[in-house]
Every structure is written in C-alpha cells, then in structure tokens.
Amino acid sequence: MTETADPTAVNGAQALIRTLVACGVDTCFTNPGTSEMHFVAALDAVAEMRGVLGLFEGVVTGAADGYARMAGRPAATLLHLGPGLGNGLANLHNARKGHVPVINIVGDHATYHKQYDAQLESDIETVARNVSTWIRRSEATADVGRDAAGTVAAAVGPPGGVATLILPADVSWSPDGAVAGPASPTPSAVPADADVVDAVAKALRSGEPAGLMLGGSALREAGLVAASRVANTTGARLVAETFPTRLERGAGLPPIDRLAYLAEFASAQLDGLRHLVVVDAKAPVSFFAYPGKDSYLVPDGCEVHVLAAPGTDATGALEALAELVSAPGDAATRQPADRPDVPSGALTAEAVARALGALLPEGAIVSDEGNTSSLFAPGLTAGAPRHDWLTLTGGAIGQGMPVATGAAVACPDRKVINLEADGSALYTVQSLWTQAREDLDVVTIVFNNRSYAVLNMELNRVGAEAAGPKAKELLDLSRPDIDFVAISQGLGVPAGRATTADELADLLTRGLAEPGPTLIEAMVPSLM
Ligand SMILES: Cc1ncc(C[n+]2csc(CCOP(=O)(O)OP(=O)(O)O)c2C)c(N)n1
Ligand SMILES: [Mg+2]
C-alpha cells in the first residue's frame, strides 16, 4: 500500500473523512460538541460523507450497529469526549457482542489543553477499552490518515468489532502534514481448518446424537442452506444462538429455531446431545446465574466442536462439511409460504404477532426488542415472505429503535419494522426524531404493557424473598401512564393507538403502505 498525498485535505479532519470515504465508509452518525467542530465543518468539504444527527449517544452508536448489520460495511460515529462515549457505551457493547463493525471516533481536547484538567477532561481510553478491539489516539495531523485506515481495518476484521479512534481537537484542525491515508484492503474470513471439518464430519456420522448451533454469519442464507443439508443428511439437530445479529428467514429459506432465553427450555433443546458443533457461535451459557441452576448449558458428556470461530469462514466450513457427509445439493429444508389470518378481537401480544405475520412485506427488516411481547412473533412470521431479523445481541436494552434507524439508513428501499417494548423504548426514544428528520421508512410498534414485565419473572426466578409492594413498584411503568402517541408526535413521527386487534391491523396496514416513519402504540396486557 502506498500513501498518496491528497492536496485537497486542508486539515486533519478532512484527511480523516477522505480516508474513511476511500475505505468505503460514507455515513457518520453523530452527536458532536466543540472538540468535534472541525470534523463537523469538514463534512461540507467532502460531499460523499453523510452526517446523521442523533439526539443521544445511545441513538448514535445503536444506529451505527444497525447500519452495519444491514449494509455489510461499517458506519462511523462521532462522539464528544469521554462523557459522550460513555453515553453511547451500552449500544457499543451490543455491537461488540454481535461482532458488528463500528468505527468509533471520539473527539478530545487539544493536546496542549489536556494538562489543565478542564471540565470535560477524562480518561477516554479507559471508557473505550470496555468495548473496543482496537484503540488508537492520533497524536499528530500527519498520522490521522494512516490511523483512520487502521481503524477501519480493525473494525471490519473479520471478525467485526468496535474500533475507536481518539481525535484531539488540534490534530483535527491543524493543516500540518494532513494527508488522506491508504484505502484499507478488502478483508476476507480465514478458511476453516480442514482437519477440524474432518473431525466434525466424523462426529456427525458417528450415530451419536449431535447438534449444530449457528450464529453470526452462519445465519445468512448460504450458511443456513449448507447447515440444513448437513442436518437432514446426518440427523443432527439445528439451533440458532438466542440473540442473532442478523437472521435471514421466511418462505423459501431453511427454518431454524433459536435457543430459548430461559435455561430450562434451552436445556431441553440440547438434551441428550453427545456432540455440539458451534459455528460462529459460543457454546451456550445461561443469561444469568440462578441459585441452584447450571450456568453452562452444554449437557454433561457432550463434546463441543468449534467448526468456525468468529472471523473464520463459517459458510465455507458448512459447505465443506456438507460435501464430506455427502449431503445432496437439494437436501435443505425450505420453509413453505404460510401466513396467519389478520386478527380480530382483543389486542394481545399474540394478536400483534399474528397481524405482523399476515402483513409483513417481502424484504422487510425486523428490529426486535419486543422482549416478553415478542414471544409469539418468530413463530407467526416463520412462513411470511423473506425478511431479516435483528436482535438484542448484548442484552443491553435501548437498542431496538437505534438499530431500526440505522438499518433504515442502510436500506432505503426496504421497510423496517421495529418491535419495541415500552420500557426499552424509553432509553433511546429520541431515535424517532432522527427517523422523522431523515424520512426513514420505519414502522415502530410499541408494546405498551406498562411494565418491566420480564423483571417480574426474574424476581421470582432468582429466588428473591417474597416481593412486596416496594419491590413491585420498581417494575411498574404506570402512575403516570406513558403516552407513546404524544411522545412520537412530539418527536415528529405520526402515531396512533390500538386497543383492539382490528385497530392494530388497520394501523399496521396503513403504516406499511405509506412511506416514512410511523408509530403504533399497542395497548397489550402484560404476559408476566
Ligand atoms: C442497559 C440495561 N439496563 C437495564 C437492563 C435490565 N432490564 C432487563 S429487561 C428490563 C425491562 C424490560 O421492560 P420492557 O422493555 O418494557 O419489556 P417487557 O419485559 O415489559 O416485555 C430491564 C430494565 C438491561 N437489560 N439493560
Ligand atoms: Mg414492558
């Protein structure tokens, strides 16, 4: 790679943005401050870079996550020093757990200003370390281009990850040596080890009960087809990780159940296995520890085989495996087209799922943070036209709305449907304003059950002493009741409230027919 001087890069900020564009990064989600003003100004000098404003850093980082999941290439963030980065941390955590590439740019004080410990001075590296696979601080303007190209390469991997570039204000504004960096080479996943594929084929042909657990890139069409061929030929069970980054599903694709959230159900899915083959996924563990219950969900006596670790070509490994077990090319199961009827009568979480199954358009992207209210949605949409399903990869709530926002920026020709639980919505509800401003095609369904419902269940499961009114009070979202229609309208997104299944189906039909964002507040009883 050779560096080419870019005569049009007049300062560090421009060199940075031109480098990002040269590396294929042309979208920047941001909530900027004074230390980032030269970067902001440079956006007008580089036409190819789109800037998208988020009104809270959790929106910014989650949108970058959703964008990369669907675009297949990263977006940049631009965040304001340590506090801005800290505000965006939960959704960077979710991106990290999902191996999603994010280029995280954090402005800092000018190099000579740091010694004075001004108000916004803090230890940015310590905050970044928690979520970043790579941290680089640009110390001089002449380094910015090279550092930016390195940051892109680190984010893309594979496996993808959060790569953080800290940009001091004077490095950004100085013209000294400003040069755009080299475009990063297109990375490719590492091929699977042939001996490992061989050993897995032997295990699957041993006649002992076996299962394939798929995650990450294995949950796209090619991986699913190969895995289904293997499963149908060898009798192995197929299961997906609990919270996939991006699952391709629907009519015509091989269907796959996800491992259950609750350990008891997950254990039943894995019961009796002697071989568990993990493919771009981790061996399953329980979400939390519960007194007297197992944390590690692999059954006793079951051998775990890592066919493809993150960063390995999982699809290639599955295809090689299919050949080794002599799976016919057409052996994959294909989900038949099948939709439920449009529901009528009482509005429940199940009725919402039924309406979604009946109306989901071809090519839709579902950002699912419906939590307890989403329980029925995968089953009732299984035979709907082909779509993508994005989930809460790291368990840190407040992700669904930002991810929907970023996915809609990445895929302007596809309808995004955001299944959103009321409690989770309120962490990053400002996402709606970005959707309105950018005219994004997102239909949000808020399940208003006026509760942190799942925590009612967890309260019992952890074996806490009989919960009294003071405990219950902390899991209750009434008093006052929250009005999502008013919130949405206040943020510029038209909204309606459904109290029956018929109203819900009407609002969903209209929302899907019209371009631009809408929100439906679904008044549903709590399941827990
Ligand atoms: C960042 C973060 N904070 C807090 C939690 C703990 N938590 C898990 S679920 C939950 C409440 C969920 O309520 P809601 O989104 O309304 O879904 P419901 O359980 O009602 O379906 C909370 C607070 C979390 N997972 N992540
Ligand atoms: Mg709730």
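Residues: numbered from 1 along the sequence shown. For the numbers below, each heavy atom of this structure counts, side chains included, while hydrogens, waters and symmetry mates do not. Note that this is a predicted model, so its numbers are computed, not measured. Counting convention: from 1, in listed order, for ligands and their atoms alike.
Of the candidates Ser374, Gly395, Ala90, Ala349, Gly395 brings a heavy atom nearest to atom 25 (N) of ligand 1.
For atom 23 (C) of ligand 1, a protein non-hydrogen atom is found at a distance below 4.0 Å.
Ligand 1 has an N or O atom lying under 3.5 Å from an N or O atom of Asp422, backbone or side chain. At least one N or O atom of Gly423, backbone or side chain, sits closer than 3.5 Å to an N or O atom of ligand 1.
No part of Phe447 comes within 4.0 Å of ligand 1, judged by heavy-atom distances. With a heavy-atom cut-off of 4.0 Å, Leu527 does not touch ligand 1 at all. Under 4.0 Å from ligand 1, the heavy atoms of Asn449 that appear belong solely to its side chain.
The ligand atoms of ligand 1 that sit less than 4.0 angstrom from a heavy atom of Tyr427 are 3 (N), 4 (C), 23 (C). Annotation for ligand 1: atoms under 4.0 Å from non-hydrogen atoms of Gly370 are 21 (O). Within ligand 1, counting atoms from 1 as listed, the ones closer than 4.0 Å to a heavy atom of Ser424 are 14 (P), 15 (O). Listed by number with element, the atoms of ligand 1 under 4.0 angstrom from any heavy atom of Ala453 are 18 (P), 19 (O), 20 (O). Heavy-atom proximity to Ala421, at under 4.0 Å, picks out these atoms of ligand 1: 14 (P), 15 (O), 16 (O), 17 (O).
For the pair O of Ser451 and OD1 of Asn449, the angle at the Mg ion (ligand 2) is about 90°; rounding is to 10 degrees.
Residue contacts with ligand 1 include Ala396, since one or more of its heavy atoms lies under 4.0 Å from the ligand.
In this structure, Thr391 and Gln399 approach most closely via the heavy-atom pair O-OE1, 3.4 Å.
Taking 4.0 Å as the cut-off between side-chain N and carboxylate O, Arg386 and Glu362 do not count as a salt-bridged pair.
With respect to the Mg ion (ligand 2), Asp422 has OD1 as its nearest N, O or S atom.
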